[in-house]
Amino acid sequence: MGDTSVLIVGTGFGGVGTAIELKRAGFENFTILESAGEPGGVWRENTYPGAGCDIPSPLYSFSYEPNPDWPKRFSLQPDIHEYLKRVVRRYGLEPHIRFGVRVTSAAFDEERGLWRVETAGGETFEANVFVPAVGQLSRPVQPDIPGQETFEGISFHSAHWDHDADLRGKKVAVIGTGASAIQFVPELQRQAGELTVFQRTAPYIMAKRDTSYRRWQQRLFRHLPATQLLGRLRIFLLAEYATYAMTKHPLLAKVFELRTAQLRRRHIKDPALREKLTPDYPLGCKRILFTNEYLPALAQHNVAVETRRISAITPSGVRTEDGVEHEADAIVYGTGFAATDFLGELKVEGLGGKALSDAWKGGARAYLGMTVPGFPNLFCVYGPNTNLGAGSIIYMIERQARYIRQAVEHLTKPGVSYMDVVPEVEQRYDEEIQRRLGRSVWTTCASWYRQENGRVSTNWPGLVTEYDRRTKTLDLGDYRTVGPR
């Protein structure tokens, strides 16, 4: 593919998937920059007890790289991380990766048609194509609660778990009840003497239909791959149905809502506690959480669920708005990630020195979730409006990688320096996406899907099969192609 070069940031599923797509097409002129010492993205960083995926592994894996050796239907963090590292080795990506390199800024040189990327270590990289694949769930959020710095005990965010902390028999406070918390709370319940869970809003909980695969099943998957493929298809269709319910026919979501109510009645016998754990918003507005252990853990004698708002952190615990101080030896923040803060602190400048942060002042937006007017040859992976309320993000990543590969192929042609999405094309697309999202359940409550101004900048409003169709072929009419100066 000529001399066109590609610079990818991140070795999570997004960066690795893009690199594999390029390599499978015969393109070798790419470099991946990774701030850590090994690949893995969020599956390297999140090592809290119980960490795992709430999408079944047959679907939460690359379609071209099925893994017959998954130990469980819903795999845990170590197995997902190992899968990703194995894929990196299998496709020979190691020589392309520069570990320990943290990107701080990127600027487009219009004269040369190159992206100039600066790192924290003072290095400079140049490439024709810039692909930030840093994900939506990679920047932990520390809540703005007065007095955090005064706490005299142990405290940490779940994404930075302190494995040296001995919490056995201690009074532990957990702030937050999101996707991470519902996994580590049962683990903490078994260790802590007293566990207080501070809940702002109750999540919808559904049973996780998990199972451990036996050796004969793994052998079957290996020798008859179609058997695993059928399982993948079943999960895929169920996810599409759930998405349809949340975006087209909310009444269909009532089926799921009834099942969550049945689960609460089964595990929570105390009416007062059950009331606390009953959501007061439509199902799907916040992420639906899958677990078999969370509700039983909350029903244990050493656990209390506190729903009054936190007013401050004190040297010895957590104070709620009623003035009551809840003593704690340790505080664990399960407060999630800055999902709408795309690219984090990475400073990006496009044509005329325009800052991407200025272009995204009203909320992140990109054509097909990948390209932004005025920022040529930049392709986001897992960018704005490509997250899913149900289903596997890896499916979306594979479609984005395919699209980026087509763009790289175009950029290798003689007389092509860069391609820039037409502003009117992106504008029409964004208006359509936001209009459709306005009819979805995701606009009915506050969640990490939405920004403070109400804009949903994370989620895709349709079925993933629609996204597959819309990204299947790069339409050069959507772009302004510019030749060398």
> Is the closest basic N to carboxylate O distance between Glu321 and Arg309 below 4.0 Å?
no
> Without hydrogens or angle criteria, can the side chains of Gln400 and Thr471 be said to hold a donor-acceptor pair below 3.5 Å?
no
> Do the side chains of Glu257 and Arg259 get close enough for a salt bridge, i.e. N-O under 4.0 angstrom?
no
> I'd like to know if the side chain of Gln434 reaches the main chain of Ser457, judged simply by a donor and an acceptor atom lying under 3.5 Å from each other, with no hydrogens or angles considered.
no
> If you look only at pairs with a residue in residues 202-219, which of them pass as a side chain to side chain donor-acceptor pair (under 3.5 Å), with sequence neighbours excluded?
Lys72-Asp210
> Are the side chains of Val134 and Leu346 in touch, meaning some heavy atoms are under 4.5 Å apart?
no
> Examine distances only and state if a side-chain atom of His326 and a backbone atom of Phe198 form a donor-acceptor pair shorter than 3.5 Å.
no
> Would you say that more than 12 heavy atoms from the other residues, nucleotides or ligands in this model lie under 6.0 Å from the CZ of Arg200, or not?
no
> Any side-chain donor-acceptor pair under 3.5 Å between Glu325 and Ser316?
yes
> Hey, would you say the Phe236 and Tyr395 ring centroids sit under 6.0 Å apart?
yes
> For the CG atom of Leu263 and the CG atom of Asn292, what is their distance to the nearest 0.5 Å?
8.0 Å
> Does the side chain of Gln189 come under 3.5 Å of the side chain of Glu293 through a donor N or O and an acceptor N or O?
no
> Ignoring hydrogens and angles, tell me if any N or O in the side chain of Gln183 forms a donor-acceptor pair with the backbone of Gly52 under 3.5 Å.
yes
> Indicate yes or no: at least one non-hydrogen side-chain atom of Trp360 is less than 4.5 angstrom from one of Val372.
yes
> Quick one, Val174 and Thr196 - any side-chain contact, counting heavy atoms below 4.5 Å?
no
> Do Thr278 and Arg264 have side chains that approach each other closer than 4.5 Å (heavy atoms only, starting at C-beta)?
yes
> Report the residues that fulfil salt bridge (Lys or Arg N to Asp or Glu O under 4.0 Å) with Asp270, sequence neighbours left out, ordered by chain and then residue number.
none
> Restricting to side chain to side chain contact (heavy atoms under 4.5 Å, CB included), what partner residues turn up for Glu38, sequence neighbours left out?
Arg44, His81, Lys85
> Would you list the pairs meeting side chain to side chain donor-acceptor pair (under 3.5 Å) in which at least one residue belongs to residues 51-71, sequence neighbours left out?
Trp43-Tyr60, Asp54-Arg287, Ser57-Ser75, Ser63-Glu398, Glu65-Arg90, Glu65-Tyr91, Asn67-Arg86, Asp69-Arg222
> Please find the pair of heavy atoms, one from Pro132 and one from Leu343, that lie closest to each other, and give the distance.
CB-CD2, 3.7 Å
> Where the side chain of Trp442 meets the backbone of Gly284, is there a donor-acceptor pair that is under 3.5 Å apart?
yes
> Does any N or O in the side chain of His157 come within less than 3.5 Å of the main-chain N or O of Val141, such that one atom is a donor and the other an acceptor?
yes
> Can a salt bridge be assigned to the pair Arg102 and Glu345 using a cut-off of 4.0 Å between side-chain N and carboxylate O?
no
> Partners of Cys285 by disulfide bond (SG atoms under 2.5 Å apart), sequence neighbours excluded?
Cys445
> When you measure from the side chain of Lys347 to the backbone of Thr104, do you find a donor-acceptor pair of N or O atoms at a distance under 3.5 Å?
no
> Are Trp161 and Val332 side-chain neighbours, meaning at least one heavy-atom pair lies under 4.5 Å?
yes
> Of all the heavy-atom pairs spanning Leu298 and Leu273, show the shortest one and how long it is.
O-CD2, 3.7 Å
> How many angstroms lie between atom NZ of Lys23 and atom CD1 of Ile20, to the nearest 0.5 angstrom?
9.5 Å
> Should Leu283 and Val441 count as side-chain neighbours, where that means a heavy-atom distance under 4.5 Å?
no
> Please check: side-chain N/O of Glu34 versus main-chain N/O of Ala36, any donor-acceptor pairing under 3.5 Å?
yes
> Under the 3.5 angstrom rule, does the side chain of Lys269 hit a backbone N or O of Arg265 as a donor-acceptor pair?
yes
> Can you confirm whether Ile288 sits close enough to Phe256 that some side-chain heavy atom of one is under 4.5 Å from a side-chain heavy atom of the other?
no
> Would Phe13 and Tyr382 count as a ring-ring contact (aromatic ring centres under 6.0 Å, His included) here? Give the steps.
CA-CA 10 Å; Phe13 274 100; Tyr382 196 8; over 10 Å; no
> At what distance, to the nearest 0.5 angstrom, does OG1 of Thr11 lie from CG of Leu93?
10.0 Å
> If you draw a 6.0 Å radius around NE2 in His301, do more than 12 non-hydrogen atoms from other residues or ligands fall strictly inside?
no
> Please report the closest heavy-atom contact between Tyr48 and Ala179, naming both atoms and the distance.
OH-O, 4.4 Å
> Thr458 versus Pro384: any side-chain heavy-atom pair under 4.5 Å?
no
> Which atom pair, heavy atoms only, marks the closest approach of Pro279 to Pro203?
CG-O, 3.7 Å
> To the nearest 0.5 Å, how far apart are CD1 in Ile80 and CG in Leu84?
9.5 Å
> With no hydrogens and no angle check, is any side-chain donor or acceptor of Asn459 less than 3.5 Å from a backbone partner on Pro461?
no
> Which atom names give the shortest non-hydrogen contact between Gly17 and Ala401, and what distance separates them?
O-CB, 3.8 Å
> Checking Leu388 now: which residues fulfil side chain to side chain contact (heavy atoms under 4.5 Å, CB included) with it, not counting sequence neighbours?
Met396, Trp460, Val464
> What are the two closest heavy atoms between Ala328 and Ala173, and how far apart are they?
CB-CB, 4.0 Å
> Do Lys171 and Asp329 sit within salt-bridge range, that is, some charged N less than 4.0 Å from a carboxylate O?
no
> Would Glu466 and Arg399 count as a salt bridge (charged side-chain N to carboxylate O under 4.0 Å, His left out) here? Give the steps.
CA-CA 11 Å; Glu466 179 195 347; Arg399 274 68 199 165; over 6 Å; no
> Any donor and acceptor pair, going by atom type alone, linking the side chain of His96 with main-chain N or O of Phe30 inside 3.5 Å?
yes
